[in-house]
Amino acid sequence: MRIDIITVLPEMLDGPLNCSIIQRARNKGIVDIHVHNLRDWSTDLKHRHVDDAPFGFSAGMVMQIEPIDRCITDLKSQRNYDEVIYTSPDGEMFNQGMANSLSLYENIIILCGHYKGIDQRVRDHLITKEISIGDYVLTGGELAAAVIADSVVRLLPGAIHDEQSAFSDCFQDNLLAAPIYTRPADYKGWKVPEILLSGNQRLVEEWEMEQAMERTRRLRPDLLDSNTK
Ligand code: ADE
């Protein structure tokens with residue numbers, strides 16, 4: 001899979017995309033991530049501006065269409081893209097189902113929003129999907145792009161050592177994960193549930209399913225409504 005991220009702040013993505021599972025997946029060639037500085041497509045060679053004041057009377061600056069169009073056109077001339085995503089607080093709410101779907105794609109572009117917003121014509125003509133990572137406003141779309149990339153890359157075959165691990169995550173099957181423990185079995189009298197020490201796989205799996213159901217009912221009953229997937 002290839003992910004192209006377009007941003008005015010490439011340095012904001014350095015940390016999240018160069019650590020742990022994502023870094024390993026990149027090194028193993030499982031995912032190819034390219035971060036592009038939108039200013040490289042600015043028409044203003046001197047100041048490399050990519051924003052301008054809005055028409056009308058609103059305050060703040062707006063990302064211009066031309067550098068974005070030039071950048072996306074450039075990328076599209078080299079390969080086909082399955083989705084051109086724009087990160088924005090008014091996009092579709094991101095969830096595990098969306099991460100699963102995106103992980104099946106070959107090539108995606110993620111355009112990070114910034115400033116007051118983006119010229120609406122970008123959204124109307126160049127973007128195929130708009131994603132929000134939650135009902136709050138970030139200073140820009142970079143952290144949202146990192147969240148999307150992270151949740152997608154860990155699903156790619158070979159990204160996680162134990163592939164089963166990704167399938168037992170929270171939200172796969174619309175359930176929160178069961179509680180998990182490791183040694184010691186007794187710490188200061190705080191004991192690991194007896195069943196986990198039984199060695200009986202069937203009973204352990206039944207217990208884990210009951211726990212997952214109980215946790216989901218208690219903490220996220222909305223997930224049990226199948227329409228939320
Ligand atoms: N940009 C600013 N806030 C955002 C959010 N909540 N989700 C996605 N992109 C954003």
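Just so it is clear, the values below take in all heavy atoms, side chains as well, and ignore hydrogens, waters and symmetry mates. Starting from 1, each residue takes its place in the sequence as its number. Counting convention: from 1, in listed order, for ligands and their atoms alike. Everything numeric in this text was worked out from a predicted model, so none of it was measured.
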With Val122 as reference, evaluate Asp69, Val62, Leu111 under the side chain to side chain contact (heavy atoms under 4.5 Å, CB included) test and give the passing residue. Leu111
Can you sort out which atoms of ligand 1 are near [X], meaning under 4.0 Å from one of its heavy atoms?
| X | result |
| --- | --- |
| Ala144 | 8 (C), 9 (N) |
| Ile131 | 8 (C) |
| Val137 | 3 (N) |

Please test Trp41 against Glu66 for side-chain contact (heavy atoms from CB on, under 4.5 Å), starting from the C-alpha separation and ending with a verdict. CA-CA 8 Å; Trp41 281 269; Glu66 191 167 1; over 6 Å; no
For atom 10 (C) of ligand 1, the option (of Pro89, Ser132, Gly91) bearing the nearest heavy atom: Pro89
Quick one: nearest non-hydrogen protein atom to [atom], plus distance?
| atom | answer |
| --- | --- |
| atom 6 (N) of ligand 1 | Tyr136 O, 2.8 Å |
| atom 7 (N) of ligand 1 | Ile133 N, 3.0 Å |
| atom 9 (N) of ligand 1 | Ser88 N, 3.2 Å |

Does Tyr105 share a hydrophobic cluster with Ile131, counting links as ILVMFWY side-chain heavy atoms below 4.5 Å and allowing steps through other members? yes
Salt-bridge test for [X] and [Y]: reply yes if a basic N is under 4.0 Å from a carboxylate O, no otherwise.
| X | Y | answer |
| --- | --- | --- |
| Lys76 | Asp74 | no |
| Arg48 | Asp40 | yes |
| Glu130 | Arg123 | yes |

Tell me whether ligand 1 is touched by Gly140 - counting only heavy atoms on the residue side and a distance under 4.0 Å. yes
Please determine whether any non-hydrogen atom of Gly113 lies less than 4.0 Å from an atom of ligand 1. no
Any nitrogen or oxygen of Leu138 lying under 3.5 Å from a nitrogen or oxygen in ligand 1? Just yes or no. yes
Quick one: do the His49 and Asp51 side chains pair a donor with an acceptor below 3.5 Å? no
